[in-house]
Amino acid sequence: MTDFSFDYAVIDRWMIDDTAPFDIKAEVNKATVFALANGYMGSRGAPESVTPDLPALVGNHINGIYDSPSGGILDREMINLPDWRFVQLEADGETLTVEGAHTYRRQLDMQRGLLLQQFTWRTEHGKTIRLSSERLVSLHRLHLAAIRWRIESDADCSVVIRSRIDTNVNNRFAERHFEIEWIRVPHTEVNGGAVTITTIQQGYQVCITVQHDLSRAAEWSAEATSGALENVCRFGLSAGEPVELVKWAAVYDSRFSEGDLAALCLSELETARRQGYEAVRAAHEARWAERWSASDVVIEGDDESQAALRFCLFHLLANTPHSDKVSISARGLQGQDYWGSIFWDCEIYVLPFLISTQPEYARRCLMYRYHTLDGARRKAASLGFGGAYYAWQSQETGDETCALYVFDDPLTGQKIRSYFADEQVHISADVVYALWQYAWATGDTAFLYPYGLEIAVEVARFFVSRVSYDAGRDVYELRTVLGPDEYHERINNNAYTNRMAQHALIAALALVKNAPADAARPDDGELQTWRAVADKLFVPQPDPQAGLIEQFDGYFKLEDVPPDVARSRLKHPDQHPGGLFGPFQSTQAIKQADVALLLYLFRSQYDAAVKRANWEYYEPRTAHDSSLSPMAYALVASDIGRTEWAYRYFKQTATMDLLGAGPHWNLGVHTAAMGGAWAVVVHGFCRLHLHDMGIMLHDWPLLPEGWRRVSFKLSWHGHRVQFHTDGQQTTLRADSGPVPVLYPGGEITLTAGQSFTLSHQKDLHR
């Protein structure tokens with residue numbers, strides 16, 4: 001067991017272990033850490049006896065079910081479903097709460113996808129009651145969840161178990177998202193129940209059905225309470241003779257299923273109960289074993305980093321989308337923060353992991369962008385542009401759900417105009433960048449034609465309509481934009497944005513050129529315009545002497561002060577630091593990685609001297625006020641041999657949710673940071689990435705101090721390749737082939753079962 005600085009321990013490098021007494025103030029974070037999900041639905045990790053009406057603690061969500069009770073966008077979010085997991089224990093008339101437990105232990109078994117809890121109580125009558133709880137959200141049967149309790153006592157006592165479906169739930173932004181209809185469940189009215197809800201705006205229906213199995217005879221009854229259906233079980237518990245309860249829950253919805261939802265739920269539960277809990281859990285564990293086999297990263301020599309990275313990968317794998325009509329949101333299925341919306345986080349930070357290890361789920365995320373293309377077209381047209389401008393904050397239709405007035409002036413109370421929705425144009429280029437990376441790594445032409453082609457064509461049309469022509473310099477520009485550094489608004493020619501837009505145009509041209517003869521394609525005149533814009537789009541280049549890339553026009557002329565000085569100028573603690581009225585706007589202090597991210601995404605196009613110059617310049621000027629920032633600096637630091645810095649930023653990224661820092665950061669996991677942690681290890685320390693030419697080792701791996709070995713698998717064009725390095729030798733083995741491997745000074749093509757070991761030339765690092 002290794003002690004963690006964030007008050008958890010880790011067991012066998014697979015289990016996050018928490019033995020601290022239950023603290024309601026810490027539960028917002030811990031309910032996120034211990035959450036379970038399966039890509040279709042998620043459930044936060046609060047103990048079963050915590051009621052769902054407490055803010056931000058209990059959450060049960062379906063990926064892709066959104067609602068706004070007002071019809072607006074400020075309260076349009078992934079809804080919190082009626083709570084299926086509430087169970088309460090009483091002994092001899094005494095309610096046994098988690099707050100009153102003599103001991104409480106909670107564990108996240110990441111290898112098996114289980115939430116484990118152990119309680120002991122000492123009752124008023126001097127009896128000791130022990131409860132072991134095991135919870136799963138099935139990865140094998142996506143509509144099924146279960147809780148198994150094992151209860152025992154050191155003395156005879158009378159026991160009451162109260163189990164509810166509770167509709168008195170709390171939301172992040174809205175008071176209520178649904179209307180309720182309780183359903184009679186034939187033959188199971190006393191030990192089960194069902195509710196159907198209908199969302200207010202969209203009319204989505206969701207049915208939740210629960211049933212119970214008890215290992216002994218008991219007296220069951222059902223009692224209706226305000227907004228809840230409670231099943232009550234009464235029996236006598238004999239000393240030393242444990243009793244087991246299984247609470248089953250099935251969830252179906254009208255968006256992703258057809259037919260009678262209640263009947264589907266009943267069928268799901270009948271199958272599960274017939275198989276039994278052990279068989280259901282075994283099938284669930286087998287699916288997790290498959291996921292880990294493809295996606296695990298083994299770090300030898302640093303158990304803390306190993307557990308932190310596995311924690312990141314566990315939550316990413318738990319969010320892999322169940323349908324190509326959904327994607328992965330910025331906070332996953334583990335909470336409602338950021339409205340449950342999809343941002344550029346997915347394409348730039350999460351998809352590299354999925355592309356490399358679970359490409360079928362990366363494809364679903366990209367197909368989500370295809371299915372929401374009409375929403376992107378509507379957004380572009382509403383702003384007077386052609387093509388497709390993807391929503392900064394996207395939900396099921398792809399229409400923009402980011403408000404134009406996000407911040408309030410704390411001194412005047414007035415709303416402040418922000419420009420995320422209408423000027424952060426790089427989002428469309430980010431989508432094309434991701435589909436291009438996917439195509440390189442998989443060779444999936446069935447996705448590229450027609451889906452990827454149509455996306456790329458519409459994005460190219462958007463950028464061509466969005467650029468301005470400067471006749472004096474004979475260049476095209478992207479003016480009045482917002483780059484990844486969101487503290488500087490309404491700027492011109494952001495280096496990241498312009499380079500990504502240029503890439504999008506070049507990719508679109510290449511896709512059209514290689515399209516099948518029967519594919520729909522633009523005419524030659526339109527293609528000539530794309531080429532002209534791509535060729536003449538102004539992309540800030542490194543200064544010939546200093547090697548610096550100016551983040552945007554005029555950036556170097558701004559006042560050069562560090563972030564803490566800019567922050568000290570806030571007129572109120574709640575003032576937005578950036579934007580036209582914030583103190584960062586007039587300084588070189590930036591919110592998050594911008595040029596650094598550019599250098600990572602186009603790493604092969606910038607030499608080490610340019611990367612070093614820009615890392616050294618921008619790093620001390622970056623506030624890292626976003627979870628997206630540290631990983632970019634870690635990756636560039638890896639490229640220039642600053643492994644100690646890279647490791648520092650890797651740990652910050654990988655432990656972000658375990659630390660639970662920030663005012664509202666705990667209402668869901670940071671999926672982007674989690675994907676970034678994987679990228680730092682694979683792309684950064686191991687210096688490996690996937691290319692259309694094969695697996696590319698662009699430099700020799702350079703591991704952090706103390707790391708003895710790193711091992712993982714990658715998928716290239718359907719072939720699995722095992723990778724191992726100790727920092728001195730690197731071995732690749734192809735499970736199938738052929739797989740081209742490019743490395744410093746050479747290349748080889750691996751066939752099925754073939755291994756290849758490289759001895760590193762250390763002088764190349766120094």
Any side-chain to backbone donor/acceptor pair from [X] onto [Y]? Under 3.5 Å, distance only.
X	Y	answer
W700	S759	no
R44	V28	yes
Q592	P630	no

Just checking, is any N or O donor in the side chain of [X] or [Y] under 3.5 Å from an acceptor N or O on the other one?
X	Y	value
T97	S49	no
S736	H719	yes
H315	T671	no
T320	R291	yes
Y338	D345	no

Let me confirm one number: the [atom1]-[atom2] distance from [X] to [Y], rounded to the nearest 0.5 Å.
X	Y	atom1	atom2	result
L354	N319	CG	CG	9.5 Å
L317	L139	CG	CG	8.5 Å
Y8	F34	OH	CZ	5.0 Å
W292	E285	CH2	CD	14.0 Å
S215	R150	OG	CZ	8.5 Å

Taking the inter-plane angle between the rings of H322 and Y40 on a 0 to 90° scale, is it parallel (under 30°), tilted (30 to 60°) or perpendicular (over 60°)? perpendicular

For the residue pair W707 and F650, categorise the inter-ring angle as parallel (less than 30°), tilted (30 to 60°) or perpendicular (more than 60°). perpendicular

W615 and ring-ring contact (aromatic ring centres under 6.0 Å, His included): which single residue from W645, Y600, Y649 fits? W645

Verdict with supporting geometry, E244 and Y277, side chain to side chain donor-acceptor pair (under 3.5 Å): CA-CA 11 Å; E244 288 191 354; Y277 180 82; over 6 Å; no

Out of the candidates K713, R720, Q722, only one should pair with D735 under the side chain to side chain donor-acceptor pair (under 3.5 Å) rule; please name it. Q722

Quick check with a 6.0 Å cut-off and a 45 degree axis cone: is R172 positioned over the face of W339's six-membered ring? no

